[in-house]
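Keep in mind that what you see is a predicted model, and the values were worked out from it rather than measured.
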Amino acid sequence: MSAKAESRLTPRERLARGLTYSTLGPVDVTRGVVGLGVQSAQSTASQIRRKYQEGRLAQELATAQEALAQELAAAQDVVAGLPQALQDARRAQRRTRRPWVFAIAAVVVLAGGAVAFTIVRRSVRAKPQEPQSRPPSVDVQPRP
């Protein structure tokens, strides 16, 4: 998506789009919430400035609004760079070989179990059956 298309979206539209799409969702939700916060802070600051323009706090409010605008602009720059930072972090991650390790361990355990089962079964077959000390409780000879 080009920078032009992103700059045309309002924070409210960006938030709605972020909640709709799952691929860019977290980034758009974050940017939308920050954008709404920026707009809210700017509108609140401008309302306060208009309200107290004639008062003693007009000069202090103007400097505070400028400082706030600079801070919010810096925050917007950081949030705007968030998608690229996430992409770089994903590229930097090495693929781990843990799935292969688990698969190999599972094969080894299954093979060991099969070998143990075969050995136990052969040892049971090799033993002569011991005669029973008690007679069977059920008649062994079938009746005609």
Side-chain angles (χ1 to χ4, degrees), residues 1-134 136-140 142:
M1 195 168 269
S2 68
K4 273 188 174 180
E6 288 181 4
S7 65
R8 290 182 188 161
L9 292 175
T10 65
R12 181 170 299 185
E13 292 169 337
R14 188 177 312 273
L15 179 61
R17 187 180 76 174
L19 293 172
T20 304
Y21 298 105
S22 63
T23 306
L24 293 174
V27 174
D28 281 339
V29 167
T30 304
R31 290 178 71 183
V33 168
V34 169
L36 286 174
V38 167
Q39 282 184 347
S40 174
Q42 286 176 346
S43 69
T44 302
S46 66
Q47 287 175 359
I48 291 173
R49 189 187 83 222
R50 274 188 256 118
K51 188 174 181 181
Y52 293 105
Q53 198 168 14
E54 278 87 25
R56 298 181 318 199
L57 300 177
Q59 184 64 25
E60 292 177 20
L61 182 62
T63 57
Q65 185 179 7
E66 288 176 13
L68 181 64
Q70 290 174 354
E71 291 291 327
L72 293 175
Q76 280 182 330
D77 290 341
V78 169
V79 171
L82 188 61
Q84 184 63 35
L86 288 173
Q87 259 184 351
D88 294 343
R90 286 186 188 130
R91 285 184 191 148
Q93 274 184 335
R94 294 187 324 194
R95 290 196 174 262
T96 61
R97 297 182 184 220
R98 288 188 181 184
W100 290 106
V101 170
F102 290 136
I104 291 171
V107 168
V108 168
V109 167
L110 287 174
V115 168
F117 178 76
T118 305
I119 291 172
V120 168
R121 188 167 178 180
R122 284 185 183 171
S123 67
V124 168
R125 281 188 185 173
K127 289 183 183 178
Q129 291 187 354
E130 299 174 7
Q132 294 182 346
S133 58
R134 297 187 315 177
S137 61
V138 180
D139 212 7
V140 179

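The closest donor-acceptor contact from the side chain of Thr118 to the backbone of Ala114 lies under 3.5 Å.
Summarising the geometry, atom CD belonging to Glu13 is positioned 11.5 Å from atom CZ belonging to Arg8; distances are rounded to the nearest 0.5 Å.
Under the side chain to side chain contact (heavy atoms under 4.5 Å, CB included) criterion, Gln42 pairs with Val38, sequence neighbours left out.
A side chain to side chain donor-acceptor pair (under 3.5 Å) check over residues 78-87, counting only residues at least two apart or in different chains, returns the pairs Gln84-Asp88.
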I'd like a table of donor-acceptor pairs (distance under 3.5 Å, sequence neighbours excluded) in which one partner is a side-chain atom from residues 68-76, with atom names and distances.
none

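Shortest non-hydrogen contact noted between Pro11 and Gln39 is CD-NE2, 3.3 Å.
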